[in-house]
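As structure tokens, the structure follows; a few thoughts come after it.
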Amino acid sequence: MKILGIETSCDETSASVVEVRRGKFTVLSEVVSSQIKIHRKTGGIVPEVAAREHVKNILPVIDQALNESVIGRASWRRPKNSLLHSLKKSAPGRSLSPVLDDVDYLAVTAGPGLITSLMVGVEAAKALSYVFNKKLVAVNHLAGHLASSLLLNENIKLPAVGLVVSGGHTALYLMKKLGSYQYIGGTQDDAAGEAFDKTAKLLGLPYPGGPEISKLAKKGDADKYKMPQPMRDKPNFDFSFSGIKTHVLYEYQKNPKEYLKNINDVAASFEKTVAEILTFKTLKAAKKFKARSIILAGGVAANTRLRKTLQVKSNENGIYLFVPELKYCTDNATMIAVAAYLQIQKKDFADIFKLKANPNWEL
Ligand code: KG4
Ligand code: ZN
């Protein structure tokens with residue numbers, strides 16, 4: 001089975017073709033067109049700018065993913081007509097692209113995310129589904145992140161506790177089965193990635209702040225500054241990160257020069273604090289729900305300290321930890337195709353005449 005995944009929920013335009021054989025995934029192609037350089041100029045994402053970039057890139061990105069999916073496969077010749085080419089000549093209802101013909105299902109992120117970004121991917125996917133007569137799967141972006149671990153190991157031990165930590169979300173889910181999610185807690189204010197991005201910004205670092213803080217943190221002393229751990233001791237599985245960012249702001253304002261002189265230590269202390277809170281609550285949830293494994297996912301899962309801290313605690317408690325490869329932590333269409341596979345097994349297809357992008361789609 002071959003699935004074409006499409007992802008445009010935030011600031012990456014991405015398309016991938018994933019093949020599934022007996023539950024094992026092979027990535028035939030993946031294309032990610034990042035807008036980071038553009039958004040760096042404004043220190044964050046301007047939604048309309050992001051949407052315009054998606055509009056510009058969506059068909060070339062899909063086209064490239066389809067064409068690259070056949071390279072190196074002996075039974076396939078690279079098609080002379082690319083999808084873009086065939087679309088120009090196409091008549092509705094006729095399949096014209098040989099590569100898209102070979103794809104069995106389409107999958108697209110339908111939410112949550114920026115509405116204007118999501119709409120570009122969703123409408124493109126609906127149009128392709130209509131013209132090429134392929135079933136379409138509407139995928140929740142967070143389910144996509146949680147599915148990315150399946151690329152490395154399709155035998156995740158269940159029940160599992162999934163932690164999604166991204167720029168827009170920080171949430172814990174109980175997964176009794178693959179593809180089923182029970183929300184057990186989440187952030188009450190900023191997402192973990194958002195806290196990284198905002199803290200970095202106030203320290204004068206470029207967007208996105210997560211990787212910047214993590215770079216500086218490697219050279220810093222993580223025990224130099226004690227930072228608050230809001231909600232850590234509350235008897236629930238919720239998080240709060242905005243207080244840590246405000247704490248950094250107040251400390252900075254007391255003596256900006258001195259604080260910036262020690263920016264590596266600030267970065268390391270901040271990173272350690274966030275990693276400890278996330279690890280503490282995730283382990284607490286895993287123990288309470290007798291989880292056999294923990295799945296870490298989302299952009300902040302690329303953070304080395306978080307990966308290590310969670311690994312140590314998971315080992316101590318005899319719980320497996322599943323973490324995706326670095327490139328699958330941040331937004332990509334491969335994870336969307338993988339999550340779609342779980343839905344295809346349940347025949348969970350979208351009605352293309354009803355499907356709408358939903359910026360607040362809760363998992
Ligand atoms: O999942 P993602 O690509 O997009 C959303 O769905 O939000 O996550 C992006 C977030 C950003 O906030 C970025 O700063 C953060 O992930 N991030 C990191 C690292 N790499 C990306 N945060 C901490 N450490 C990193 N190495
Ligand atoms: Zn994401």
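Residue numbers run from 1 in the order of the sequence given. In listed order, ligands and their atoms are each counted from 1.
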* Are the charged groups of Asp102 and Lys2 less than 4.0 angstrom apart, N to O? -> yes
* List every atom of ligand 1 that sits less than 4.0 Å from any heavy atom of Gly193, numbering the atoms from 1 in the order shown and giving each element. => 12 (O)
* Asked: Any idea which of Leu114, Thr304, Asp197, Asp190 brings a heavy atom closest to atom 13 (C) of ligand 1?
  -> Asp197
* Measuring from the heavy atoms of Gly168, does anything fall under 4.0 Å of ligand 1? -> yes
* Structure fact -> To the Zn ion (ligand 2), the closest N, O or S atom belonging to Asp331 is OD1
* To do: Specify side chain, backbone, both or neither for Glu271, according to which of its non-hydrogen atoms lie closer than 4.0 Å to ligand 1.
  => neither
* Please report the C-alpha distance between Asn264 and Lys218 in whole Å, then the side-chain angles of each, then the deciding distance to 0.1 Å, and finally whether the side-chain hydrogen bond (donor to acceptor under 3.5 Å, both in side chains) criterion is met. => CA-CA 8 Å; Asn264 295 346; Lys218 291 201 169 70; over 6 Å; no
* To do: Starting from the C-alpha separation in whole Å, work towards a yes-or-no answer on side-chain hydrogen bond (donor to acceptor under 3.5 Å, both in side chains) for Glu12 and Gln35.
  => CA-CA 6 Å; Glu12 327 274 2; Gln35 303 174 5; over 6 Å; no
* Sort out for me which residue in Asn332, Thr334, Val338 forms a side chain to side chain contact (heavy atoms under 4.5 Å, CB included) with Val27. => Thr334
* Rounded to the nearest 0.5 Å, how far apart are CZ of Phe25 and CD of Glu19? -> 11.5 Å
* When you look for heavy atoms under 4.0 Å from ligand 1, do you find them on the side chain of Asp331, its backbone, both, or neither? -> both
* In the protein, what heavy atom is nearest to atom 24 (N) of ligand 1, and what distance, to one decimal place, separates them? -> Asn303 ND2, 3.0 Å
* Asked: So is there a nitrogen or oxygen of Thr330 less than 3.5 Å from a nitrogen or oxygen in ligand 1?
  -> no
* Before signing off on this row, confirm whether Phe196 and ligand 1 have an N or O atom pair separated by under 3.5 Å. => no
* Measure the distance from atom 20 (N) of ligand 1 to every protein heavy atom, then report the residue, atom name and distance (to 0.1 Å) of the closest one. => Gly299 O, 3.5 Å
* To do: May I ask you to check whether His145 brings an N, O or S atom to under 2.8 Å from the Zn ion (ligand 2)?
  => yes
* Would you check if the Zn ion (ligand 2) lies under 2.8 Å from any N, O or S atom of Cys10? => no
* Asked: Does some non-hydrogen atom of His169 fall short of 4.0 Å from ligand 1?
  -> no
* Structure fact -> Candidates Ala301, Pro211, Ser34, Gly167; heavy atom nearest atom 10 (C) of ligand 1 found on Gly167
* Structure fact -> One finds that the ligand 1 atoms under 4.0 Å from a non-hydrogen atom of Gly210 are 14 (O), 18 (C), 19 (C), 22 (N), 23 (C), 24 (N), 25 (C)
* Lys346 atom NZ, neighbour heavy-atom count above 12 within 6.0 Å -> yes
* **Contacting atoms of ligand 1, where contact means under 4.0 angstrom from a heavy atom of His145** => 1 (O), 6 (O)
* To do: Tell me yes or no: between the side chains of His54 and Thr13, is some donor less than 3.5 Å from an acceptor?
  => yes
* Can a salt bridge be assigned to the pair Asp223 and Lys272 using a cut-off of 4.0 Å between side-chain N and carboxylate O? -> yes
* To do: Mind checking whether His141 contacts ligand 1 via backbone (N, CA, C, O), side chain (CB onward), both or neither, at a 4.0 Å heavy-atom cut-off?
  => side chain
* Could you tell me whether a side-chain N or O of Thr273 sits under 3.5 Å from a main-chain N or O of Met227, the two making a donor and an acceptor? => no
* **Charged N-O contact under 4.0 Å between Arg40 and Glu212** => yes
* Asked: Under 6.0 Å between ring centres, would you say that holds for Tyr225 and Phe270?
  -> no
